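One structure below.
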Amino acid sequence: MLINVKDQKLEVQNGTNALDIAKQLDSDILKSALAVKVNGEAQELQKPIDKDATLEYLTFSDEEGRHALRHTASHVLAAAVKNLYPETKLAIGPAIENGFYYDFDREESFTLEDLAKIEKEMKRIIKKNEREVRFTLPRDEAIKYMEGKNEPYKVELIKDLPENEEISFYKQGDSFVDLCAGPHLPSTGKIKAIKLTSLAGAYWRGNEKNKMLQRIYGTAFTSKEDLDNYLHLLEEAKKRDHRKLGKELDLFDVLDEGPGFPFFYPNGMVLRNILEDFWRKIHTENGYEEIKTPIILSRELWERSGHWENYRENMYTTKIDDQDYAIKPMNCPGGILAYKRKLWSYRDLPIRSGELGLVHRHEKSGTLHGLMRVRCFTQDDAHLFMTPEQIKDEVIGVYTLTNEVYKLFGFEYSVELSTRPENSIGTDEMWQAATDGLKGALDTLNVPYQLNEGDGAFYGPKIDFHLRDSLGRTWQCGTIQLDMNLPERFDLSYVGPDGEKHRPVMVHRVVYGSIERFMAILVEHFGGAFPLWLSPVQAKILTITDRADDAAKALKNNMLKAGLRVETDLRNEKIGFKIREAQMNKIPYMLVIGDKEAENGTVSVRTRNGENLGAIDAQVLISNMLKETEAKTLTRNWEA
């Protein structure tokens, strides 16, 4: 059979695998390959190939390559646990974005000391370079096989697989076998560096009615250097954890009295209001009108929108005058009622309607996480109503606005376009027009994007924005969704040039995603050291002696009148202590006033990074800080 690899063509025997083919190519491929794509489909290197094919070898730089390595590592973890604690029952162990985990059922709780033992045993298995061999069994035999090994969770998984699905297993070394679809590495030795990172609880199959299992998290790399770099980023991420900094900087907290319902303190409200004020300004400049819709609306509305049937378990409900009502989990139906308040002409469109709407969703307690996952949050929703001909231009407008916002905060991002899924509503023509509108906008803007075939919403295609923060982590925030469902459900219309009623196209759009989550991302992105325009406290005036108190108070008043956010520290403490404390609080500028500065009308300026800018005239400093604030720069834009 004929095999194509990049620019090379090879004649090989039928049934040859990609691992053996790699041995005929250059040694770098053999050394770095972790898996392979055969005619575009990812599979393991050791699987026989039975027809002409084009091969693409996958390394750790490829997502599928990382998946194969880390999925194999999860099996190494399971094997190590079974070697050390044979009574443990195995559940599931997938690869995840930055590593892997495995869920175990064990009477005794794992400890950090146990993790050290398990990691040592994993390294022993890896050093042995045990082979990974795939085999299959008929359904009934597969069930008996796992029952014989006393693995009830595996038995349940097999029974839930479709009747016609192939039941595959992987044997690692001489004894360990696990149910798995693969692909795996050829052998464990290709895992060059591992680390078990944490312990957690996890309900079996994510259902809180099921037994709580013990989850061990870990990560794996092809070099120790990469592992060390990743662990460094983990430590940095811990320092930047928004929950920790939220308390330290007096921004926000989530208390036991309200799980999932955050409290915002004065500093947090300053940051929040800055974000909301900027949102209003940029939307006004882009032709949006702001609305506000009620938090509680009738059951009839939620039935019409489909939420009562499909989202009921996540909604908070109440009764008013013996009628069912719900606290809104989404702003969309309210925005639609605002559109329906009058009959629009095609000349009025597009209508761009924005809302900072507070929504409530009943998230499971185990999923709550600071401001990242809460039960009440403010979405920066916008709903645009347009003619089909306006789709491309309106999407370009939304994209341009979104890009402007993200660049301002220093975020790089990637874009994904998701198309029609199998279960969807609407005609082929509607989907084609909607998808062409999104594609046309991205192509006109010359934006590179990843195409996710079949991953759109059931009601329309969408564009998703994935932000990359200063630690290289990605966050899905903005989205542009075309909706062909709600305009039908709510019988939306406009009068066209022909005098007849027509159905408008509806676009759902968020930029921040939610104010709360975006704040959390900003805290971690900047590590709490916000640029001047976002800092809740922009400067702290520190006195050396009490003789400088009057000058400090006068400077504070002048700065407040100018619109700057400033505090004083007049305590009888050493100036070094005051400076260090202000630095710990991430305050951009420390303004030191002693006898000399008070007499000359100057301040000695230090930055939170430890830079000494020297003595500066107070009025010049105010002018420079105002320029920096108004320019919304990420770093200082003036020289001392």
Side-chain angles (χ1 to χ4, degrees), residues 63 275 278-289 346 349-354 379-421 426 429-457 459-470 472-484 487 504-514 517-518 521-522 525 631-634:
E63 183 179 352
L275 293 175
F278 171 65
W279 183 92
R280 289 189 170 95
K281 179 178 181 294
I282 195 170
H283 281 76
T284 299
E285 291 171 352
N286 282 271
Y288 287 74
E289 297 177 339
Y346 72 96
L349 303 185
I351 301 297
R352 304 184 189 110
S353 176
Q379 286 192 302
D380 65 316
D381 268 320
H383 299 105
L384 293 78
F385 304 89
M386 67 201 71
T387 68
E389 296 76 20
Q390 293 171 328
I391 292 175
K392 179 179 173 181
D393 287 343
E394 286 306 298
V395 172
I396 288 174
V398 171
Y399 183 94
T400 303
L401 183 153
T402 305
N403 176 70
E404 184 178 346
V405 172
Y406 293 162
K407 292 300 182 184
L408 181 70
F409 293 102
F411 288 117
E412 298 295 326
Y413 61 87
S414 59
V415 176
E416 292 181 350
L417 172 61
S418 300
T419 59
R420 185 177 190 173
E429 292 77 16
M430 291 168 65
W431 273 91
Q432 192 62 52
T435 304
D436 287 347
L438 295 184
K439 280 184 176 178
L442 293 174
D443 291 341
T444 298
L445 291 163
N446 197 28
V447 173
Y449 60 90
Q450 179 179 328
L451 187 64
N452 284 344
E453 294 283 1
D455 201 38
Y459 51 77
K462 61 175 182 170
I463 294 171
D464 289 325
F465 295 82
H466 296 267
L467 302 189
R468 185 172 296 278
D469 69 11
S470 58
R473 300 171 300 180
T474 56
W475 309 93
Q476 200 276 308
C477 286
T479 187
I480 306 171
Q481 300 179 350
L482 266 64
D483 189 346
M484 294 176 283
V505 175
M506 182 179 181
V507 167
H508 305 254
R509 185 242 65 185
V510 292
V511 179
Y512 292 148
S514 81
R517 188 165 183 266
F518 197 75
I521 293 170
L522 287 179
H525 178 59
K632 295 181 173 60
T633 56
L634 296 177

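Note that the structure is predicted; figures quoted are calculated from it, not measured.
Looking at every heavy atom in both residues, Val395 comes nearest to Ala441 through CG1-CB, 3.5 Å. Nearest heavy-atom pair, Trp279 versus Asp381, reported as atom, atom and distance to 0.1 Å: CZ2-O, 3.9 Å. Closest approach of Cys477 to Leu467, counting heavy atoms only: SG-CD1, 3.7 Å. Looking at every heavy atom in both residues, Pro487 comes nearest to Pro504 through CB-O, 3.9 Å. Shortest non-hydrogen contact noted between Trp431 and Tyr459 is CZ2-C, 4.0 Å. Minimum heavy-atom separation, Ile391 to Met386: CA-SD, 3.7 Å.
Side-chain contact check for Met506 versus Met484: every heavy-atom pair is 4.5 Å or farther apart. You'll find the side chain of Glu285 stays beyond 4.5 Å of the side chain of Leu401, heavy atoms only. Residues Tyr288 and Leu384 have side chains in contact (heavy-atom distance under 4.5 Å, counting atoms from C-beta outward). Contact check for Gln476 versus Tyr413: no side-chain heavy atoms found under the 4.5 Å cut-off. The closest side-chain heavy-atom distance from Glu394 to Arg352 is below 4.5 Å.
Evaluation of the salt bridge (charged side-chain N to carboxylate O under 4.0 Å, His left out) rule for Glu289 yields no partner, not counting sequence neighbours. The salt bridge (charged side-chain N to carboxylate O under 4.0 Å, His left out) search around Lys632 returns none, not counting sequence neighbours. Here Arg280 pairs with Glu276, Glu290 under the salt bridge (charged side-chain N to carboxylate O under 4.0 Å, His left out) rule; sequence neighbours left out.
To the nearest 0.5 Å, atoms CD1 (Ile396) and CG (Asn403) are separated by 13.0 Å. Taking CD of Glu416 as the start and CG of Leu442 as the end, the distance is 12.0 Å to the nearest 0.5 Å. If you take NE2 on His383 and CD on Gln481, they are separated by 9.0 Å, rounding to the nearest 0.5 Å. To the nearest 0.5 Å, the span separating NE2 on His466 from CD on Gln450 amounts to 8.0 Å. Here Leu417 contributes atom CG and Lys462 contributes atom NZ; the two are 10.5 Å apart, rounded to the nearest 0.5 Å. The CG atom of Leu438 sits 4.5 Å away from the CD1 atom of Ile463 when rounded to the nearest 0.5 Å.
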Exercise for review: Please lay out, stage by stage, how Leu445 and Thr400 fare under the test side chain to side chain contact (heavy atoms under 4.5 Å, CB included).
Suggested key: CA-CA 9 Å; Leu445 291 163; Thr400 303; 4.3 Å; yes
Exercise for review: Apply side chain to side chain contact (heavy atoms under 4.5 Å, CB included) to the pair Phe409 and Leu275, showing each step before the final yes or no.
Suggested key: CA-CA 11 Å; Phe409 293 102; Leu275 293 175; 3.7 Å; yes
Practice item. Decide side chain to side chain contact (heavy atoms under 4.5 Å, CB included) for Glu404 and Ile282; before the verdict, give the C-alpha distance in whole Å, the side-chain angles of both, and the deciding distance to 0.1 Å. Key: CA-CA 9 Å; Glu404 184 178 346; Ile282 195 170; 3.6 Å; yes
Point to revise | Derivation and outcome, side chain to side chain contact (heavy atoms under 4.5 Å, CB included), residues Trp475 and Phe411 | key: CA-CA 10 Å; Trp475 309 93; Phe411 288 117; 5.7 Å; no
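With hydrogens and angles ignored, the 3.5 Å screen pairs no side-chain donor or acceptor of Thr479 with any backbone N or O of Phe465. Side chain of Tyr406 to main chain of Gly478: a donor-acceptor pair is present (N/O by atom type, distance under 3.5 Å, no hydrogens or angles). At least one donor-acceptor pair closer than 3.5 Å links the side chain of Asp380 to the backbone N or O of Val511. For the pair His525 (side chain) and Ile521 (backbone), a donor-acceptor distance under 3.5 Å is absent.
A salt bridge is absent between Arg420 and Glu453; no separation between the charged side-chain nitrogens and carboxylate oxygens falls under 4.0 Å. Between Asp469 and Arg473 there is a salt bridge, since at least one side-chain N of the basic residue sits less than 4.0 Å from a carboxylate O of the acidic one.
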